[in-house]
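Every number for a ligand or one of its atoms is a count from 1 in the order of the listing.
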Amino acid sequence: MSTYVHEALNTIKARDPHQPEFLQAVHEVYESLGPVMDKHPEYREARMLERIAEPERTLMFRVPWTDDKNQVRVNRGFRVQFNSAIGPYKGGMRFHPSVNLSILKFLGFEQIFKNSLTGQPIGGGKGGSDFDPKGRSDNEVMRFCQSLMAELFRHLGADTDVPAGDIGVGAREVGYMFGMYRKLSNEWTGVYTGKGLTWGGSLIRPEATGYGCVYFAEEMLKANGKSLEGLTCLVSGSGNVATFTIEKLLHLKAKPVTASDSSGFIHDPDGINAEKLAFLRELKEVKRGRISEYTTKFKSAKFTATTGKESHNPLWSVKAQAAFPSATQNEINGQDASNLLKNGVFVVSEGANMPSDPEAIAQYLKAKILYGPAKAANAGGVAVSALEMAQNSQRIRWTREEVDKRLHGIMENIHKNCADAAAKYSKPGNYADGANIAGFLKVADSMLAQGLL
Ligand code: NDP
């Protein structure tokens, strides 16, 4: 690791010693940047590594609301406006009890490089709350979203900051937040992406992260003379990213065999086909049920309970050739990665953000498997969000085919840019370094050009 990278990491660690997820994300990016710092003293002179790891602005606020029993509840709301050098802040809102500043800073930091990789004019941001929508009525969720937006709206704008969904924030939550934003700002602009199709949403936005993640895997395989057809695939999660990943795998004749939620996972050796996927979607999105119910309907499947506290997750021990982690951060540790490799997985494409921990990544790289890091592989979602913003600004609407074609083209470009950057800095085939380097260069050059801000 270059001396400057080491020095910058120590400064950042000393400043936020209690933000482990944020430090993990910074470490992972900066490890790749040594050769760039050696070649370009101008970044070191401009203290670019210290600057880019400090958000431009961090908002933290009280969100009071009343539950259905008329009891007052208080949650904490956040928005980390990380970097706007190449466009308005852009990144999702996450509602989950685990949300804190460390998690949102890790997500916002990753988002800067991911958004840069898409080639779209979007900066990096992230936000959310420790509110848990699970088990809450629609009315409770609405009151919470309205209270959150009563504060957040003054910090947003079509040319300032445009949030989107993430864990716990789907179509319902986006609707309530967008509605309140529109009322308070007295404007109809495209502030919020992931909107419903009748009120400004883009076709293919719901599908984009999952589809994009599969397109990225396909590109990595194609570059090595292989394809997804016939491959047995492990998918974790059962939310937006996981279900559309399964859908695209089916289109490409692969065989997805697992899905999970925070209570455990199902393994269906016969494959999750279109009928089973429709059931899964209804179960999780509409009935808001638990994944074990899949096995009462489809006898070919087996449910295994997990708590998230085990030394390894048995989902990653199922025999397969490809893995698409699509639930949450650090869901694959070193032991899981070694099980994946032992059982024949040779392609990992990350739908979730930072799903593999540093030990897992080290094993993929050592084994030289095809590893698509999150900031490249799951960038399709935010890329189509940028297309939604473009359509809203122009008051036009593209067809499904048009948006899907653009998404596919964007994923091909991301793959190429990562591969080229890796090769240029002597790491051929290392998409993790390639993504970090390509994402960084564009933002750093824009920051240099705009002066010390
Ligand atoms: P959803 O809320 O739709 O689904 C999340 C899924 O992951 C659910 O099945 C949930 O289970 C499971 N999950 C969440 N937290 C945990 C946990 N701590 N342990 C085990 N399982 C968990 O979210 P998304 O599909 O939108 O997001 C999934 C991942 O993809 C996240 O990392 C997100 O940041 C990332 N991502 C999402 C994008 C998007 O466009 N939506 C874009 C880019 C990245 P349960 O139902 O039990 O909560």
Would you mind telling me if ligand 1 is within reach of the side chain of Ser263, the backbone, both or neither, using heavy atoms under 4.0 Å?
neither
closest protein heavy atom to atom 40 (O) of ligand 1 is Thr209 OG1, 2.7 Å
Is it possible for you to check whether Arg136 lies under 6.0 Å from the centre of the six-membered ring of Phe95, through NZ or CZ, and within 45° of that ring's axis?
no
Can you name the closest pair of heavy atoms from Lys302 and Thr295 and give their distance?
C-CG2, 3.7 Å
Using a heavy-atom cut-off of under 4.0 Å, does the side chain or the backbone of Gln329 touch ligand 1, or both, or neither?
neither
For ligand 1, does Arg94 get within less than 4.0 Å through its side chain, its backbone, both, or neither, judged by non-hydrogen atoms?
side chain
So does Arg15 pair up with Glu54, basic N to acidic O under 4.0 Å?
yes
Determine, for Asp130 against Arg76, whether the closest basic-nitrogen to carboxylate-oxygen distance falls under 4.0 angstrom.
no
How close does the nearest protein non-hydrogen atom get to atom 13 (N) of ligand 1, and which residue and atom is it?
Ala327 CB, 4.2 Å
At the 4.0 Å heavy-atom cut-off, does Gly165 count as touching ligand 1?
no
Have Ser356 and Tyr364 got a donor and an acceptor in their side chains that come within less than 3.5 Å?
yes
Any idea which atoms of ligand 1 are less than 4.0 Å away from a heavy-atom of Asn378?
43 (C), 44 (C)
Any atom of ligand 1 sitting under 4.0 Å from a heavy atom of Gly170?
no
So that I can tick it off, tell me whether Glu151 and Arg79 are bridged by a salt bridge, with the cut-off set at under 4.0 angstrom between side-chain N and carboxylate O.
no
Heavy-atom contact under 4.0 Å between Arg205 and ligand 1?
yes
Going by distance only, is there an N or O of Val241 that falls short of 3.5 Å from an N or O of ligand 1?
yes
Would you mind listing which atoms of ligand 1 come within a distance below 4.0 Å of any non-hydrogen atom of Gly237?
9 (O)
Charged N to carboxylate O under 4.0 angstrom, Glu207 versus Arg400?
yes
Nearest non-hydrogen protein atom, atom 18 (N) of ligand 1
Thr328 CG2, 3.7 Å
Any heavy atom of Ser260 under 4.0 Å from ligand 1? The part involved is backbone
For Glu331, state whether at least one heavy atom is located under 4.0 Å from any atom of ligand 1.
no
Atom 48 (O) of ligand 1: the protein heavy-atom neighbour that sits closest, reported with distance to 0.1 Å
Lys134 NZ, 3.0 Å
Decide whether the shortest distance between a heavy atom of Pro355 and an atom of ligand 1 is less than 4.0 Å.
no
With respect to atom 5 (C) of ligand 1, which of Asp166, Ile167, Thr306, Asn353 exhibits the smallest heavy-atom separation?
Ile167
Could Glu219 and Lys222 be called an ion pair, given the rule that one side-chain N must be under 4.0 Å from one carboxylate O?
yes
Could you tell me whether Lys416 and Asp420 have a side-chain N and a carboxylate O separated by less than 4.0 Å?
yes
For ligand 1, indicate whether the residue Glu285 contacts it via side chain, backbone, both or neither (heavy-atom separation under 4.0 Å).
neither
Using the rule given for salt bridge (Lys or Arg N to Asp or Glu O under 4.0 Å), can you reason through Glu247 versus Arg281, listing the C-alpha separation, both sets of side-chain angles and the distance that settles it, and then say yes or no?
CA-CA 11 Å; Glu247 185 169 293; Arg281 226 177 234 145; 3.1 Å; yes
Which atoms form the tightest heavy-atom contact between His155 and Asp161, and what is the distance?
O-CB, 3.8 Å
Is the closest basic N to carboxylate O distance between Glu388 and Arg205 below 4.0 Å?
no
Where ligand 1 meets Ala352 - atom numbers and elements under 4.0 angstrom, heavy-atom basis:
29 (C), 30 (O), 32 (O), 35 (C)
Would Lys105 and Glu110 pass as an ion pair if we require N to O under 4.0 Å?
no
Indicate yes or no: does an N/O atom of Asn240 lie under 3.5 Å from an N/O atom of ligand 1?
yes
Hey, which atoms in ligand 1 end up nearer than 4.0 Å to a heavy atom of Gly351?
30 (O), 35 (C), 36 (N), 44 (C)
Looking at ligand 1, does any of its N/O atoms fall within less than 3.5 Å of an N/O of Ser238?
yes
Atoms in ligand 1 flagged as close to Arg290, the criterion being non-hydrogen separation under 4.0 Å:
46 (O), 47 (O)
For atom 20 (C) of ligand 1, which of Ala259, Ser262, Cys213 has the closest heavy atom?
Ser262
Start with the C-alpha gap between His415 and Tyr431, add the side-chain angles, then the distance that decides, and say whether ring pair (Phe, Tyr, Trp, His ring centres under 6.0 Å) holds.
CA-CA 8 Å; His415 173 268; Tyr431 293 101; 5.1 Å; yes
Ligand 1 to Gly168 polar contact by distance, N or O atoms, under 3.5 Å:
yes
Identify the heavy atoms of Ile246 and Ala259 that sit nearest to each other, and give their distance.
CD1-CB, 4.5 Å
Which heavy atom of Arg143 sits nearest to which heavy atom of Thr66, and what is that distance?
NE-O, 2.8 Å
Atom 4 (O) of ligand 1: closest protein heavy atom, distance to 0.1 Å, is Gly239 CA, 3.3 Å
Numbering the atoms of ligand 1 from 1, which are under 4.0 Å from a heavy atom of Lys284?
46 (O)
